[in-house]
Amino acid sequence: CNIMNEDHLLLLIVCLTDQASCGCCLIQKQVQRLEQITSHTSNTTCFLFSVFPASRSAFSVALNNVQSLSCYGPFTDNRVIVYKHVFINLGDSYNNSTGFFTVPRTGVYSLTVTIYGITSVSETLSTCANLQVNGRVVSTLFEQNGQDKEDSSSDVVAIQLRAGDRVAVNLIKGCFICDNNNHYNTFTGFLLYATD
Ligand SMILES: *[C@@H]1O[C@H](CO)[C@@H](O)[C@H](O)[C@H]1NC(C)=O
Ligand SMILES: *[C@@H]1O[C@H](CO)[C@@H](O)[C@H](O)[C@H]1NC(C)=O
Ligand SMILES: *[C@@H]1O[C@H](CO)[C@@H](O)[C@H](O)[C@H]1NC(C)=O
């Protein structure tokens, strides 16, 4: 841990190959700031190296980005919701053609789902979905249209996930959701901290 120059070189190389997910500029700035404050240059660098593999992971997507309201469902079977509008997909772990978020790194994640649906006066429909990890239901959002025709439901969980786990939102059979460029339906996840 005393070869300061080589450490800096490595930091730069890793940053160049992993710019999207490592937040390298922030780390480099922190190194420079800490070096100014302390004289423990090589220790500071080594410490930052030990936390460096905690690459960043965040995705946030919405159902669509269309002008006029468009509904998905109801269907006679359960279906994974493929969110097409991408706000952010840091690390590219959310696949916008399958709807699955593949966990890049074992750790504690925050997952949030919001669903919305609106029916015409004559219909009674439910706005419902569930959050799944490897096909296992983690939580369910459920709103049945009653007096009002608009329904919305949200859910936030912090959960331990393992690298390779597949996370998705499933539209429950018989349920529907609607969206436009107001983004009433969103699916968001990010790594709080790595645990491997
Ligand atoms: C690095 O840290 C160790 C243990 O904390 C300390 O003994 C050593 O003097 C430090 N080295 C430098 C260059 O600051
Ligand atoms: C969907 O993902 C692909 C591949 O990662 C990307 O090129 C494309 O821009 C994404 N689509 C949207 C709408 O973000
Ligand atoms: C998304 O999933 C499809 C189907 O499995 C696959 O062909 C495609 O390469 C994936 N896209 C990305 C960006 O991984």
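Below, all heavy atoms of this structure are taken into account, side chains as well, without hydrogens, waters or symmetry copies. Quick note: residue numbers are just sequence positions, from 1. Bear in mind the structure is a predicted one, so any value in this text is a computation, not a measurement. Both ligands and their constituent atoms are indexed starting at 1 by order of listing.
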message = So, taking the atom named CG in Asp151 and the one named OH in Tyr116, what distance separates them when rounded to the nearest 0.5 Å?
response =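 The OH atom of Tyr116 is 9.0 Å from CG of Asp151, to the nearest 0.5 Å.
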So which protein heavy atom does [atom] come closest to, and at what separation?
| atom | value |
| --- | --- |
| atom 1 (C) of ligand 3 | Asn95 ND2, 1.4 Å |
| atom 5 (O) of ligand 2 | Asp92 OD1, 4.3 Å |
| atom 4 (C) of ligand 3 | Thr98 CG2, 3.6 Å |

task = Number the atoms of ligand 2 from 1 as they appear, then name those within less than 4.0 Å of a heavy atom of Lys84, with their elements.
result = 13 (C)
inquiry  = For Phe59, run the ring-ring contact (aromatic ring centres under 6.0 Å, His included) check against Tyr83, Phe190, Phe187 and tell me which one passes.
reply    = Phe187
ask   = Can you tell me if Asn134 and Asp165 form a side-chain donor-acceptor pair at under 3.5 Å?
value = yes
query = Is the shortest distance from atom 9 (O) of ligand 3 to a protein heavy atom below 4.0 Å?
reply =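 It does not: no protein heavy atom is found less than 4.0 Å away from atom 9 (O) of ligand 3.
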query = Are any non-hydrogen protein atoms located under 4.0 Å from atom 13 (C) of ligand 3?
reply = no
ask   = Checking Asn180 side chain against Val66 main chain: does a donor-acceptor pair fall under 3.5 Å?
value =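 Flag not set: sc Asn180 to bb Val66 has no pair under 3.5 Å.
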query = Within the distance-only criterion (no hydrogens, no angle test), does the side chain of Thr98 pair as donor or acceptor with the backbone N or O of Phe100 below 3.5 angstrom?
reply = yes
Ligand 2 to Asn96 polar contact by distance, N or O atoms, under 3.5 Å = yes
key: Minimum heavy-atom distance Asn170-Val80, with the two atoms named   =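 For Asn170 versus Val80, the nearest heavy atoms are OD1-N, 3.3 Å.
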